[in-house]
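Structure record follows, encoded as structure tokens.
Residue numbering restarts at 1 for every chain, and letters A, B, ... go by the order of the sequence lines.
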Amino acid sequence: MINVKDLHKSFGHNEILKGISTHVEEKEVVVVIGPSGSGKSTFLRCLNGLETATSGEIEIAGMTLTDPKTNIHTLRQHVGMVFQQFNLFKHLTILENVTIGPRKVKKVAQAQADKVARELLAKVGLVGKEASYPDELSGGQQQRVAIARSLAMGPNVMLFDEPTSALDPEMVGEVLQVMKTLAIEGMTMVVVTHEMGFAREVGHRVIFMDDGLIVEEGAPKSLFSDPQKDRTKGFLAKIL
Amino acid sequence: MDPIRQNLPVLLDGLRLTIQYSVVAIILMVVIGLIAALMRLSTVAPLRWIATAYVEIFRSTPLLVQLFFIVLGLPAILPVNQWFGQLTYPILAAAITLSLNEGAYVTEIIRAGILGVDRGQKEAAQSIAMNGFQTMRYIVLPQAFKRMIPPLVNQAAQTIKDTSLLAPVGIAELVYKGEIVIAETFASFAIWGLIAALYFVLIFSLSKFASYLERRLQVDKR
């Protein structure tokens, strides 16, 4: 589903990604961990073209993102993204937040878009909030709307960029629960997170990144209990 | 009281023209400002240069000089009076010059409004596959517009007052008519007082309407 070959990304003279190569299977849930500044968010943002790769190749959902001939907007219809700060459209209601993509981008009729949006909002546990505005909702509720908004486009892959880092502790669980449900349903997911419990329980594979490189990757159980590299050991010792 | 009552129809005739020029200039300045603001934010360098040059030129020279230059100066070197008609050209040129001048300020208001929208809003729009136009039209501009209302109302008030500078280039708006009436009646104090009051009523109603509009947007859409 995702194939990354020797991905480099620099901002000016500052090289953030120094050659990332990895592969994500369909229905696989990959969790990316690492210290802040290790490039994990930049890596994720390269996967839907929010950042342009400096060099390397990215194939995702059957399209080559790094090919200049690829239509980035078509590609993004297949790659959903959830942000740390939710980024709900502040001037739109919850229902409109979920329907605006299908309606304006995919030209779905309003009645059909509304129907799908209500189903998705029910799925993330937000029935009754359709007419509210984002700032009337808690962080956890907003993040669940953001997930519904992405799902409304019918993506093949979902990218999560620290989806629970901006939440109060008591709201983390409700968002992780929605993500877990998605994983069980077979969504291909790449999740950047500090939630090691989620990584262990839901992740099929964990990637540890440091200083712009993949240091170590493997099944959660083995990576957490028996890390091979010193840097992985050092990082896990600090956070577990 | 007498000079006012006698000459009120003449002054109201001038007021009508003041309102007409104001309405046209306020509409055009927003249209021009939006286009120039989008050009200034464009990734295409020549578009940015053109818009920047436009803003700097109109902001760095006095409106009165611009009016003299375009309304009275241009016919000296170009047969614009033949192209547009002797009577039409000054009217057209005055309205467009005023709109371009005010549009330069509006450009900066709209540009600041667009830049003030959180970058995450744009990224979220991109992530649901919106293209540049859709992102601007459905996500960024609606949010930018709300915060642009107060400075735009300010600029509209300025525009109404700036129409008084059309008098020296021969547009028979309120100040122009006032000068005529004063030349006949010598009622300088009363007439200028009345003219000031008329401008006040005009602009005060505008700002009342604007705050009503702002309140409504606040209630309906956060």
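The side-chain hydrogen bond (donor to acceptor under 3.5 Å, both in side chains) contacts involving residues 102-112 of chain B comprise Arg40(B)-Glu108(B), Glu102(B)-Gln155(B), Glu102(B)-Thr159(B), Glu108(B)-Arg111(B), where partners must be two or more places apart or lie in separate chains.
Using a 4.5 Å cut-off between heavy atoms, Gln121(B) contacts chain A through both its backbone and its side chain. For Met153(A), the part lying near chain B is the side chain, with the backbone staying farther off; criterion is any non-hydrogen pair under 4.5 Å. Of the two parts of Gln77(A), the backbone and the side chain both hold a non-hydrogen atom closer than 4.5 Å to a non-hydrogen atom of chain B. For Leu50(A), the part sitting under 4.5 Å from any heavy atom of chain B is the side chain, from C-beta outward, and nothing else. There is no contact between Val82(A) and chain B, counting heavy-atom distances below 4.5 Å.
The residue among Arg45(A), His78(A), Lys106(A) with the most heavy atom pairs within less than 4.5 Å of chain B is Arg45(A). Looking only at heavy-atom pairs under 4.5 Å with chain A, the residue among Glu123(B), Arg119(B), Met130(B), Gln134(B) that has the most is Glu123(B). Interface remark: of the candidates Asn48(A), Leu88(A), Leu159(A), Leu88(A) forms the most heavy-atom pairs closer than 4.5 Å to chain B.
Within the 4.5 Å cutoff, side-chain heavy atoms of Ile72(A) are placed close to those of Leu65(A).
Between Phe200(B) and Phe204(B), the angle of the ring planes stays under 30°, which puts this pair in the parallel group of the 30/60° scheme.
A cation-pi arrangement, defined by a distance under 6.0 Å to the six-membered ring centre and an angle within 45 degrees of its axis, is present between Arg149(A) and Phe89(A). Cation-pi contact between Lys9(A) and Phe11(A): present, with separation from the ring centre below 6.0 Å and deviation from the ring axis of at most 45°.
For the residue pair Ser165(A) and Gln84(A), the shortest heavy atom distance occurs at CB-NE2, 3.4 Å.
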